[in-house]
There are 2 protein chains.
Amino acid sequence: MRLVIAHCSVDYVGRLKAHLPLATRLLLVKADGSVLVHSDGGSYKPLNWMSPPATLRVSSPDEVDLELGVVEQWTVQSAKTDDRLIINIHDKISESSHDLGVDPGLIKDGVEADLQRLLAEQIETLGQGYSLIRREYFTAIGPVDILARDADGATVAIELKRRGDIDGVEQLTRYLELLNRDPLLAPVRGIFAAQQIKPQAKVLANDRGIDCVTLDYDAMRGVDDIESRLF
Amino acid sequence: MRLVIAHCSVDYVGRLKAHLPLATRLLLVKADGSVLVHSDGGSYKPLNWMSPPATLRVSSPDEVDLELGVVEQWTVQSAKTDDRLIINIHDKISESSHDLGVDPGLIKDGVEADLQRLLAEQIETLGQGYSLIRREYFTAIGPVDILARDADGATVAIELKRRGDIDGVEQLTRYLELLNRDPLLAPVRGIFAAQQIKPQAKVLANDRGIDCVTLDYDAMRGVDDIESRLF
DNA sequence: GAATGCATGTCGTGC
DNA sequence: GCACGACGTGCATTC
């Protein structure tokens, strides 16, 4: 990994065009040829960047750029697409290089998969007498998160989200349309379950006869812990 | 901006939990208190991070951590949420600090707004005799990108995307449903226009009687340039 | 401040 | 390789 603090201007040409006027920034060159241009603010997204795989070519400025004060020009070319990043360096303030090695990678807990596992285990959260048919019930247009049976024996398709917005309702609607064509399953009801459901999503869901359930992940995890302790 | 190369482990607790085992990484501390943890790979997304505003507190390790080889512990606390990043530093390999100043920011060209402006100006791209009614035609469920009239005087709702996938078709479908309830506008046809349209989106659109148009942004910009030169 | 939609989204996963 | 869905999505804009 190479770290350069430089006074520079940057141009990106590819899916769109973007220009960064002259200022002091961090240029981060990774081992795979990718480059990040960071300012001292914003969030984790760089001002400009090139995704790997890419190659960095360093060249001398032409006469016009030299006149403008450019001392070095970097051309970062994507290996897969014709995206390109051109960095005109006017002043190199600092430079260092470090061998980091390969990273062991990130371990996560609490993503949708965990939420799905918990809800499948605690399916009665949705109502008394509910029973699980299966998780990740595969259909031609994608997997239904959870398929269950309610107290009356009717099939229920459950779409699970951390944040419930309109897209999730559309997704569930497509599944319901398909599932209701299957005489073995029909009629199939829908439940839209999320940690938080947006008003418009709720309106659309209700309009389509889909029930909305707000989930409390911490409570569900709590129940899970208690159950784990009991057995 | 502070740059630290360190042998460290990282834990994130907040919307979910995440753990990074001991390895050598770049720790980037920005002026607003945000912190990025980068490895020498991946793309622009850090392995772990804390968004601004945040505060970094440096403390000595407790006995247990000291025993494990921790020489310094960083606690990065989000100012707005209860998200927290804990970085256990086992070895500080390099450290530097730089004053970058405020960045003038990015100038973009070619985003959806530009595409929309161009298509509105060159509405006949869609067919002879087309005329613009208006851009951003507002409805109760959101703005229709472009509303136009075709050669026969029929109303046409146009949904514009850089990349056309199934979501865009769903969005346009909702608009069409609503617009067709308005007797002053009905019947309203739909056109799904994008620089690239995915096969599944095309199938869904055709199934719903929506026409698909692939846009050539460079050509449209070219026409724009020529027109600008003429006037 | 909440909600809505775009993004050079990126990233994993299944076919 | 392509397509789809999640993401600690982030982020600007609008109401």
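The analysis underlying the following values was restricted to heavy atoms, covering all of them including side chains, and did not include hydrogens, waters or symmetry mates. Chain A is the first sequence line, chain B the second, and so forth, proteins listed ahead of strands; every chain is numbered from 1.
- By the 4.0 Å N-to-carboxylate-O rule, B/D167 lies too far from B/K161 to be salt-bridged with it.
- Salt bridge annotation for A/E170-A/R174: absent, with no cationic side-chain nitrogen under 4.0 angstrom from a carboxylate oxygen.
- For residues 2-23 of chain B, proximity to DNA chain C is found at no residue, defined as any non-hydrogen atom under 4.0 angstrom from a strand atom.
- By the neighbour-count criterion of 12 heavy atoms within 6.0 Å, atom CD of B/Q196 is sparsely surrounded, having that number or fewer from other residues, nucleotides or ligands.
- Going from the C1' atom of D/dC7 to that of C/dC6 covers 15 Å, rounded to whole Å.
- Here C/dC6 presents its P atom at 18 Å from CG of B/D109, a figure rounded to the nearest Å.
- B/A157 pairs by the side-chain contact (heavy atoms from CB on, under 4.5 Å) definition with B/V144, B/L147, B/L172, B/L176, B/L179, B/V188, not counting sequence neighbours.
- Comparing C/dG9 with C/dG5, their C1' atoms sit 13 Å apart, to the nearest whole Å.
- Atom CZ of B/R163 has 12 or fewer neighbouring heavy atoms from other residues, nucleotides or ligands inside a 6.0 Å radius.
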* Intermediate values then yes/no, side chain to side chain contact (heavy atoms under 4.5 Å, CB included), B/V35 and B/I87 -> CA-CA 10 Å; B/V35 174; B/I87 303 173; 4.1 Å; yes
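- Between A/K198 and C/dA2 there is no side-chain N or O to OP1 or OP2 distance below 4.0 Å.
- Taking the side-chain contact (heavy atoms from CB on, under 4.5 Å) definition, one finds that B/R2 meets it with B/V4, B/V29, B/L56, B/W74, B/K92, B/E95, B/S97, sequence neighbours left out.
- Atom pair A/I86:CD1 and C/dT8:P shows a separation of 18 Å (rounding to whole Å applied).
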* Asked: So what's the dot-bracket for DNA chain D: Watson-Crick or G-U pairs under 3.5 Å, [ ] if a pair crosses, | if it pairs off-strand?
  -> |||||||.|||||||
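- At C/dG9, one or more side-chain N or O atoms of B/R163 fall inside 4.0 Å of OP1 or OP2 (strictly under the cut-off).
- When the nearest nucleotides of DNA chain D are assigned to A/D165 and A/E159 by heavy-atom distance, the more 5′-ward of the two goes with A/E159.
- A side-chain N or O of B/Q77 and one of B/R84 form a donor-acceptor pair less than 3.5 Å apart.
- For the pair B/E170 CD and D/dG5 P, the computed distance is 10 Å after rounding to whole Å.
- When distances are taken from the side chain of B/Y175 to each of C/dT8, C/dG5, D/dC7, the shortest belongs to C/dG5.
- Taking a 4.0 Å limit (strictly below) on heavy-atom distances, residues 31-59 of chain A reaches DNA chain D at A/S43, A/Y44.
- For the ring pair (Phe, Tyr, Trp, His ring centres under 6.0 Å) condition, no pair includes a residue of residues 12-41 of chain A, sequence neighbours left out.
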